[in-house]
There are 2 protein chains.
Amino acid sequence: MKPQDQSAADPASKAHLRLWLRLLKINRLVEAELRERLRLSFGTTLPRFDVMSALYRNPKGMKMSELSRLLMVSNGNVTGIVDRLTEDGFMLREAVPGDRRAARVRLTRNGIAEFERQAAAHEEWVSELLGGLSPEDTRRMADDLGTALTLDRKDADDA
Amino acid sequence: MKPQDQSAADPASKAHLRLWLRLLKINRLVEAELRERLRLSFGTTLPRFDVMSALYRNPKGMKMSELSRLLMVSNGNVTGIVDRLTEDGFMLREAVPGDRRAARVRLTRNGIAEFERQAAAHEEWVSELLGGLSPEDTRRMADDLGTALTLDRKDADDA
DNA sequence: CACTTTTATTTCAAGCTTAAAATTTCAGAC
DNA sequence: GTCTGAAATTTTAAGCTTGAAATAAAAGTG
């Protein structure tokens with residue numbers, strides 16, 4: 001490829017940057033709205049919702065480190081959020097039989113019931129907020145992102 | 001459409017939720033990487049980069065409230081970030097002639113030079129991190145998101 | 001002009017977040 | 001068994017973030 005092929009300035013990097021700025025924007029828009037609704041409707045926060053969601057899908061409980069890895073946040077971060085959710089009676093720490101260092105966290109009966117209420121509203125809200133995307137665009141974009149994510153390595157699974 | 005058309009459970013909301021979880025994931029992945037690189041290479045953070053970026057595009061400066069609205073963060077948040085960037089000599093507050101309440105913030109010569117270094121690296125990093133997306137997918141996704149964003153109302157503009 | 005309301009910003013308390021250091025326990029080497 | 005290093009978690013300090021309250025000044029009302 002000849003040098004002047006780069007006619008209209010840099011090709012890919014500007015396009016990627018443009019996409020990134022839009023990803024950032026929709027993320028902030030949706031997160032801000034979800035945060036406010038969670039606060040007003042349930043008196044909770046997004047990080048709390050995320051932790052409860054992870055535990056809801058793992059009824060047997062998860063170790064702190066598993067939680068931290070899945071949610072892609074630091075260990076110390078999870079400690080604080082779980083502390084507060086435990087104070088509220090939504091979850092509890094259990095000893096791990098063979099390992100006195102580890103702690104297994106799981107939702108209480110109360111936490112399960114509370115999360116189910118929150119999750120139903122949450123799903124409706126997300127759908128409302130992404131309502132501008134047609135079913136086809138939605139599916140295609142999710143698939144494209146799936147590709148990008150597996151190429152970024154990390155856990156290639158997904159529910 | 002007949003009732004049993006909804007065969008595979010709820011249609012749109014689950015698809016939107018799936019997309020949302022992937023948007024969230026790629027966002028965290030990219031942000032985590034950018035945050036670490038900004039820290040290691042420039043000793044700065046994403047919020048600081050965002051503020052400097054906004055001011056770089058507005059050489060005449062911006063009022064605190066304009067900054068806060070553009071970046072979609074709270075007023076108090078901007079105050080703290082600008083305070084620290086000012087201590088570092090990258091920006092300064094100026095009085096607004098006709099309004100003694102307001103403050104106009106702009107980059108110093110030093111701040112401009114520093115941001116230009118950071119922005120060049122940042123663009124490369126983003127392109128690298130989104131490298132898994134082909135030029136076509138990248139463009140299409142950005143366009144689709146643009147649609148979703150204008151439908152979410154708010155400022156329909158964009159650079 | 002006095003009064004009220006709106007606007008611009010900062011301050012504050014609480015919670016989120018990270019990276020790094022500190023603890024505690026486990027597992028392997030000897 | 002003792003030592004050394006790795007692993008799981010918590011603690012800590014600093015910065016980010018919000019919503020609400022506090023300040024201060026501008027703009028409208030009468």
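For the pair A:Met62 CE and D:dT9 C1', the computed distance is 15 Å after rounding to whole Å. Distance A:Glu87 CD to C:dA14 P: 13 Å, rounded to the nearest Å. The CG atom of A:Leu34 sits 16 Å away from the P atom of C:dC16 (whole-angstrom rounding). Atom CD of B:Glu33 is separated from atom C1' of C:dT17 by 17 Å (rounded to the nearest Å). One can place CZ of A:Phe49 at 15 Å from P of C:dC16, the figure rounded to the nearest angstrom. The nearest whole Å value for the distance from the CZ atom in B:Arg48 to the C1' atom in D:dT17 is 16 Å.
Mapped onto DNA chain C by nearest heavy atom, A:Arg100 and A:Ser74 fall at different nucleotides, with A:Ser74 at the one closer to the 5' end.
Taking each heavy atom of A:Pro47 and A:Ile81 in turn, the nearest pair found is CB-CD1, 3.6 Å. Scanning both residues, B:Val82 and B:Val51, for their nearest heavy atoms gives CG2-CG1, 4.3 Å.
Residues from residues 35-42 of chain B that place a heavy atom under 4.0 Å from any atom of DNA chain D: there are none.
Salt bridge A:Asp144/B:Arg140: present, at least one basic N to carboxylate O contact under 4.0 Å. Salt bridge status for A:Glu128 with A:Arg37: present, with a side-chain N to carboxylate O gap under 4.0 Å.
Here the options are B:Arg106, B:Arg104, B:Lys60, the test is side chain to side chain donor-acceptor pair (under 3.5 Å), and the partner is B:Glu94; only B:Arg106 passes.
Grouping the Ile, Leu, Val, Met, Phe, Trp and Tyr side chains by contacts below 4.5 angstrom, directly or via other members, places A:Met72 with B:Ile26. By the rule that hydrophobic residues join a cluster once side-chain heavy atoms approach within less than 4.5 Å of another member, A:Leu129 and A:Leu29 end up as members of one cluster.
Using a 4.0 Å heavy-atom criterion, one finds that B:Arg28 contacts no nucleic acid atom at all. Within the nucleic acid shown, B:Leu46 has no heavy atom closer than 4.0 Å to any nucleic acid atom. As judged by a 4.0 angstrom heavy-atom cut-off over every strand, A:Ser68 is placed among residues making no nucleic acid contact.
A close approach under 4.0 Å does not occur between any side-chain nitrogen or oxygen of B:Arg84 and OP1 or OP2 of D:dG15.
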How would nucleotides 1-13 of chain C be written as a contact map, 5' to 3', with B for base contact, S for sugar-phosphate-only contact and - for no contact, using protein heavy atoms under 4.0 Å? ------BSBBB--
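Of the possible donor and acceptor atoms, none in the side chain of A:Ser68 sits under 3.5 Å from a partner among the backbone N and O of A:Met64.
Pairs passing the side-chain hydrogen bond (donor to acceptor under 3.5 Å, both in side chains) check and including a residue from residues 78-87 of chain A, sequence neighbours excluded, read A:Asp83-A:Arg93.
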